[in-house]
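Since this is a predicted model, take the numbers as computed values, not measurements.
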Amino acid sequence: MLDKAIVLAGCAIGAGLALIAGIGPGIGEGYAVGQACSAIGRQPECKGDVTSTMLLGCAIAETTGIYGFVTGLLLIFVAPGMFTGMLG
């Protein structure tokens with residue numbers, strides 16, 4: 001019984017830590033958009049190039065948050081069943 005509680009606690013802690021990964025992309029994307037707005041303000045004729053580069057960068061940065069979210073979901077819903085099944 002104690003071994004299952006330890007597995008569940010470990011999965012819960014791991015899921016919480018994995019979901020913290022969503023903070024980084026939010027900060028990074030906000031900074032990128034701010035810098036893109038600043039660049040467009042300085043040179044409005046480069047709006048298309050700056051916008052497309054910013055969107056690509058934000059999409060790539062967002063994958064980090066998505067990986068953390070998927071990892072957290074797996075630790076909450078899949079891993080406890082797998083690990084408690086191994087315990088017997």
Side-chain angles (χ1 to χ4, degrees):
M1 187 68 182
L2 180 61
D3 51 355
K4 290 183 182 183
I6 292 172
V7 166
L8 292 175
C11 288
I13 291 169
L17 291 174
L19 292 177
I20 290 176
I23 294 172
I27 294 170
E29 289 172 20
Y31 182 76
V33 171
Q35 292 299 314
C37 289
S38 175
I40 292 170
R42 283 191 306 263
Q43 293 182 337
E45 65 275 3
C46 295
K47 180 181 178 187
D49 293 336
V50 171
T51 303
S52 62
T53 304
M54 179 204 61
L55 289 176
L56 179 64
C58 285
I60 291 171
E62 187 63 33
T63 59
T64 306
I66 292 171
Y67 291 148
F69 180 67
V70 169
T71 303
L73 287 178
L74 289 173
L75 284 170
I76 291 171
F77 295 111
V78 177
M82 284 181 20
F83 291 131
T84 55
M86 289 181 198
L87 295 174

Write down the atom of [X], the atom of [Y], and the distance for their closest heavy-atom approach.
X   : Y   : value
A15 : G72 : CB-O, 3.7 Å
L75 : G14 : CD1-C, 3.4 Å
A36 : M54 : CB-SD, 3.6 Å
V7  : F83 : CG1-CB, 3.5 Å

Nearest 0.5 angstrom please: [X] [atom1] to [Y] [atom2], how far?
X   : Y   : atom1 : atom2 : result
Q43 : S38 : CD    : OG    : 10.5 Å
L8  : I76 : CG    : CD1   : 11.5 Å
I40 : Q35 : CD1   : CD    : 11.5 Å
M82 : C11 : CE    : SG    : 9.0 Å

- Do I20 and L17 come within less than 4.5 Å of each other through their side chains, counting heavy atoms only? yes
- Item | Qualifying residue, where the test is side chain to side chain contact (heavy atoms under 4.5 Å, CB included) with P25 and the options are I60, T64, I66 | T64
- Verify the cluster assignment for I13 and I6: are they in a single hydrophobic cluster under the rule of side-chain heavy atoms below 4.5 Å apart? no
- Side-chain donor or acceptor of S52 paired with backbone N/O of G48 under 3.5 Å: yes
